[in-house]
Amino acid sequence: MSLTDDLVVEILSRLPLKSFCRFKCVCKSWLTLSSDPHHRQKFPRSPVGILYQIPEDGTGIHLAELPSSDKEIDTTLSFVPCYEYLELMSCSNGLLLCYHGGITTYLADISHVIVCNPATEEWMSLPNTQPGPADSEYDLMLCFDPSWSQHFIVFTFQSVSSLYGEYSTEVKIFFSKDSTWHGCHWERDSGFYSTERFLNGVLYVSHVCEHILLAIDAPDTGTHWLNQRIIHLPGFPNGPDMFDCCDGCLCVSSGVLCYAQQELHGCKMRIWSLEGPDRWVVKHRLSMNGVFGRDLSLCSNREGFLCFDFDIQAFDLERDLVILVDKVTDKIISFSISTGKASEMMKIPRFGELYRRIFYVPYYCKFPALIRG
């Protein structure tokens, strides 16, 4: 006798958080139920936070977290050998990718690229990765989407420029399914390697300066050339001279790619969702007045360009949440989309200038591909 969806929802909703997060991966129908907007409010929610790293202080990876009863997640990664020397590179649906920053004294038992799950304390070193300094020209991106596949992919991009100013990028791709690297080629313009998100088998990468996304289809082991396309972002691009408005934020929420950006005056922000290949639809238009306890204004950055005095760090429509960084007071602020109320998470000096600031949601399921050392 099969159970009805309503009965399954009632059973899942009574589970502890960790059990629910693990059991929803038992089959695709349970995963679909757990993601259904009609049922979502009944289920427990995973805690969220911001992972960050301050290179100058030498104390590793930190977590700025929202109030939560779950204190068991080791985001310092102390379960990984030589964890003090790891550099946080990428995060994808609860898995972290870290790079060992060229410290050769302690490399007897660890490779240079590590993928780990802080929630389950599982980790693996990627085979045959090449050593190199922390400022290596390699760009690493982790791609994991449990609703698409239980296996992950790691992209390693190495750019080569010709005498004519053209860029050709050699790409090495690690497939956790068979624990092997494969190479392919990719022709592209320079400047992509900014924020990346992976959803439904597509890697979305924002441009450093231009107001566009690059969408790269996940390859298989037989791929020789990467399939890609350009998607124009909504809102406004880099504006008048001496104005730097690259403060938008790319996130995945409710299984959809979303984008948030301040309006030109900075007093409001909009959130769009990508509906179809290149159609953006406004989901929310939020007032920022009163959020920071002062009148909002433009400020000057170190290069002398005008910019907003706050950043949109992350947002999650399922959790009714936007995380903002006040660059004036160095405060990290959580903001409710529905009520407009804001609360301070914590204060971190010069947090707005940190390059590695990653939204983190734990993934509690055991992951066979991650093998303890």
Side-chain angles (χ1 to χ4, degrees), residues 21 24-25 28 31-37 40 43 45-51 66 88-97 115 117 119 140-155 192-207 212-218 228-229 231-235 247-261 269-284 286 311-324 334-335 337 356-365 367:
C21 292
K24 72 179 183 179
C25 298
K28 289 187 176 180
L31 180 61
T32 300
L33 282 175
S34 67
S35 304
D36 190 320
R40 190 181 300 132
F43 296 133
R45 298 292 179 86
S46 299
V48 297
I50 301 294
L51 290 168
L66 294 173
L88 180 63
M89 299 297 295
S90 182
C91 178
S92 186
N93 285 292
L95 301 188
L96 306 186
L97 184 144
V115 175
N117 185 350
L140 303 171
M141 297 183 187
L142 173 64
C143 300
F144 174 60
D145 180 357
S147 64
W148 180 71
S149 171
Q150 288 298 304
H151 300 280
F152 67 83
I153 299 172
V154 175
F155 285 84
F192 276 96
Y193 314 130
S194 183
T195 302
E196 75 272 5
R197 294 290 182 270
F198 186 69
L199 175 66
N200 295 328
V202 180
L203 173 63
Y204 298 92
V205 188
S206 59
H207 198 279
I212 54 177
L213 291 178
L214 186 67
I216 305 173
D217 292 334
Q228 66 182 44
R229 64 186 185 278
I231 300 174
H232 291 271
L233 286 167
D247 291 325
C249 179
L250 193 67
C251 279
V252 172
S253 190
S254 302
V256 178
L257 188 71
C258 299
Y259 179 75
Q261 187 189 42
M269 62 173 285
R270 295 191 189 192
I271 298 177
W272 294 263
S273 64
L274 183 61
E275 316 263 339
D278 55 4
R279 178 173 171 261
W280 295 94
V281 176
V282 176
K283 306 297 289 187
H284 298 280
L286 308 172
D311 285 341
I312 306 168
Q313 174 61 48
F315 61 94
D316 191 322
L317 302 186
E318 291 184 22
R319 292 174 173 81
D320 187 46
L321 172 71
V322 179
I323 297 179
L324 307 168
S334 64
F335 174 80
I337 295 174
R356 295 297 177 196
R357 310 175 313 186
I358 299 175
F359 186 58
Y360 173 67
V361 180
Y363 180 68
Y364 289 100
C365 296
F367 196 26

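Counting begins at 1 with the first residue of the sequence.
- Listed here is the closest heavy atom pair of E318 and G255: OE2-N, 4.3 Å.
- R197 pairs by the side-chain hydrogen bond (donor to acceptor under 3.5 Å, both in side chains) definition with nothing, not counting sequence neighbours.
- Here the SG atom belonging to C143 is positioned 6.0 Å from the CD1 atom belonging to I153, to the nearest 0.5 angstrom.
- L257 places a side-chain heavy atom less than 4.5 Å from the side chain of W280.
- Distance check, rounded to the nearest 0.5 Å: CZ of R357 to CG of L51 gives 13.0 Å.
- In this structure, the side chains of L321 and S334 come closer than 4.5 Å at one or more pairs of heavy atoms.
- Across all their heavy atoms, A119 and P362 have their closest contact at CB-CB, 4.1 Å.
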- Message: Assess the residue pair V361 and R319 against the criterion (side-chain contact (heavy atoms from CB on, under 4.5 Å)); give the C-alpha distance rounded to whole Å, side-chain angles, the decisive distance to 0.1 Å, and a yes or no.
- Response: CA-CA 11 Å; V361 180; R319 292 174 173 81; 3.6 Å; yes
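- Remark: side-chain polar atoms of E196 are not paired, donor with acceptor, to backbone N or O of M141 under 3.5 angstrom.
- For the atom pair CG (L140) and OG (S90), the distance works out to 8.5 Å, reported to the nearest 0.5 Å.
- Remark: side-chain polar atoms of N93 are not paired, donor with acceptor, to backbone N or O of P146 under 3.5 angstrom.
- A search for salt bridge (Lys or Arg N to Asp or Glu O under 4.0 Å) contacts involving R279 returns nothing, not counting sequence neighbours.
- Side-chain atoms of S206 come within 3.5 Å of backbone atoms of T195 as a donor-acceptor pair (strictly under, hydrogens ignored).
- The shortest distance between side-chain heavy atoms of L324 and I312 falls below 4.5 Å.
- Put simply, CG on N200 and OG on S147 are 5.5 Å apart, with the number rounded to the nearest 0.5 Å.
- When side chains are defined from C-beta on, H207 does not count as touching L233, because their heavy atoms never get closer than 4.5 Å.
- Using a 4.5 Å heavy-atom cutoff, the side chains of L274 and Y259 are not in contact.
- By the 4.5 Å heavy-atom criterion applied to side chains, F359 and I50 are counted as neighbours.
- Using a 4.5 Å heavy-atom cutoff, the side chains of F152 and L97 are not in contact.
- Taking CE of M89 as the reference point, atom CG of L142 lies at 11.0 Å (rounded to 0.5 Å).
- In terms of heavy atoms, C91 sits closest to I358 at CB-CG2, 3.2 Å.
- Using a 4.5 Å cut-off on side-chain heavy atoms (C-beta onward), R229 and D278 make no contact.
- A ring-ring contact (aromatic ring centres under 6.0 Å, His included) with F198 is found for exactly one of W148, F144, F155, namely W148.
- With rounding to the nearest 0.5 Å, the separation of CG in L95 from OH in Y363 is 7.5 Å.
- Residues V252 and L199 approach most closely at CG1-CD1, 3.9 Å, considering heavy atoms.
- When the salt bridge (Lys or Arg N to Asp or Glu O under 4.0 Å) test is applied to D145, no partner is found at least two apart in sequence or on another chain.
- Closest approach of P234 and Q261 over heavy atoms only: O-OE1, 4.0 Å.
- Considering every non-hydrogen atom in both R270 and V282, the closest pair reads NH1-CG2, 4.5 Å.
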